[in-house]
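Report on the following structure.
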Amino acid sequence: MSILLRYQGPAVDDGTMNVYDAAANMVAFSDFVVAAAHKVYGDDVHVKAEITAYKHASFGTDLLFQVVGASMAVLPFIPDIVAVATTVKDSIELFRFLKGEEPAKVVYNDDHSINVTNNSGNIIVVNTPALSLTLDPKAGLAAAQFVGEALSKPGVNQIEISSDGKQIAQATTDDATYFHPIGSDDTVTETVTRMGLVVESLSFKDGNKWRMWNGAESLLYAMEDEDFRARVNNGEAFRKGDILICEVLVKQTKVNGALKLQRTIVKVHDHKIGPEQPPLING
């Protein structure tokens, strides 16, 4: 799938847009659309973003997404560009609608749409992934960069996002202050546990999660042990089925009224060569 981000303004037209700003905006936009794809398909898929093009007289990028399963095999469906593009469109509109503030009221409808009321009493209807994306702190940081920061720079006065050759969203300098993290993230409980985990699928790319078998269920864990990742990157033998003895942080947070559980490997104490497949539990 392909989505294009385009900036407009004198700094773009005369080629004086700072190259470091352009690079930061490109990365942030990629992160935002990847997050949108995850809101549509869930965290169990891997989404790949590639920069494929720059457009004349503007800064733009096409993003290609490869959606694969946790086993790194291609999923048996074609990614729906309309669903992801709609989520991006609705989220940009929602940032502008909320004006940087948390919703005053959220009502979930039977057709899976959501009525969102802002602090002025107005209502907008969006899809569920769009609200989740808008209130996601990391997506908010990305939007703050490629929209908020970009439109605060001299000579850049508008952004346009298009898909399949059609404009789906835009924002101007008047909207710049609305783009920042909106969702609140309050810690409810936090525990650290030492446990053994069997690797089911590997992800050596920074920020991606590993699927691990804990003896009872298969779950996704963020890998934040930088020393261990460095050992793997430097050639330490590693394969599916290996056992890691880890310190695992389990954090429960409340994000905009909803509970969320995060599992993070903070330290790998031992790496044991294990069977190719984790043991199966009957019953």
Side-chain angles (χ1 to χ4, degrees), residues 31-32 34-47 70 87 91 94-95 98 100-108 112 114 116-117 126 128-144 180-229 232 242-272 274 278-279 281 283:
D31 290 344
F32 186 80
V34 166
H38 279 301
K39 299 303 181 185
V40 174
Y41 295 118
D43 290 334
D44 287 346
V45 299
H46 173 66
V47 185
T87 297
S91 180
L94 192 52
F95 272 107
L98 293 173
E101 301 175 339
E102 292 195 42
K105 184 178 180 181
V106 174
V107 177
Y108 293 83
H112 302 296
I114 301 176
V116 180
T117 305
V126 298
T128 300
L131 177 63
S132 180
L133 179 65
T134 305
L135 300 181
D136 184 300
K138 291 183 179 180
L141 286 173
H180 58 76
I182 294 176
S184 60
D185 188 344
D186 300 322
T187 299
V188 178
T189 63
E190 189 172 281
T191 59
V192 177
T193 305
R194 189 182 180 104
M195 64 174 63
L197 298 172
V198 179
V199 178
E200 289 191 328
S201 68
L202 307 128
S203 178
F204 299 116
K205 183 177 180 181
D206 290 348
N208 288 346
K209 296 182 179 181
W210 295 33
R211 180 166 289 280
M212 315 289 282
W213 173 262
N214 63 16
E217 55 187 338
S218 176
L219 298 170
L220 292 172
Y221 293 78
M223 174 60 73
E224 293 191 358
D225 186 338
E226 298 294 339
D227 291 337
F228 177 71
R229 287 202 298 202
V232 173
D242 283 2
I243 301 171
L244 303 182
I245 308 301
C246 311
E247 295 287 337
V248 178
L249 170 66
V250 180
K251 183 178 180 181
Q252 187 181 43
T253 58
K254 184 171 70 173
V255 182
N256 299 292
L259 291 178
K260 182 177 180 180
L261 197 65
Q262 299 170 304
R263 294 168 293 273
T264 304
I265 298 172
V266 294
K267 181 66 177 178
V268 177
H269 291 284
D270 196 8
H271 170 199
K272 300 177 181 293
I281 306 299

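Worth knowing before you read on, the calculation uses all heavy atoms, side chains too, and leaves out hydrogens, waters and symmetry mates.
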Item to check | Those residues that, when tested against Glu247, pass salt bridge (Lys or Arg N to Asp or Glu O under 4.0 Å) (two or more places apart) | outcome: Arg194
Next on the checklist: Which residues pass the salt bridge (Lys or Arg N to Asp or Glu O under 4.0 Å) test with Asp227, not counting sequence neighbours?
Outcome noted: none
Does the side chain of [X] reach to within under 4.5 Å of the side chain of [Y], using non-hydrogen atoms?
X: Lys272; Y: Ile245; answer: yes
X: Arg263; Y: Asn214; answer: no
X: Ile265; Y: Met212; answer: yes
X: Pro103; Y: Leu135; answer: yes
X: Val116; Y: Thr134; answer: no
X: Val250; Y: Gln252; answer: no

Once you round to the nearest 0.5 Å, how far does [atom1] of [X] lie from [atom2] of [Y]?
X: Leu249; Y: Glu224; atom1: CG; atom2: CD; answer: 8.0 Å
X: Glu101; Y: Ile182; atom1: CD; atom2: CD1; answer: 9.0 Å
X: Leu219; Y: Glu200; atom1: CG; atom2: CD; answer: 9.0 Å
X: His112; Y: Thr128; atom1: NE2; atom2: OG1; answer: 7.5 Å
X: Leu244; Y: Met223; atom1: CG; atom2: CE; answer: 5.5 Å
X: Tyr108; Y: Leu131; atom1: OH; atom2: CG; answer: 5.5 Å

Next on the checklist: Does the plane of the ring in His271 sit parallel, tilted or perpendicular to the ring in Phe228? Use 30° and 60° as the thresholds.
Outcome noted: perpendicular
Minimum heavy-atom separation for [X] to [Y], with atom names?
X: Ala35; Y: Leu133; answer: CB-CD1, 3.7 Å
X: Asp225; Y: Val268; answer: OD2-N, 2.6 Å
X: His180; Y: Phe95; answer: O-CE2, 3.5 Å
X: His269; Y: Cys246; answer: CD2-C, 4.3 Å
X: Phe32; Y: Ala143; answer: CE1-CB, 4.1 Å

Next on the checklist: Under the criterion side-chain contact (heavy atoms from CB on, under 4.5 Å), I'd like the reasoning laid out for Leu197 against Trp210: C-alpha separation, chi angles, the key distance, then a yes or no.
Outcome noted: CA-CA 11 Å; Leu197 298 172; Trp210 295 33; over 6 Å; no
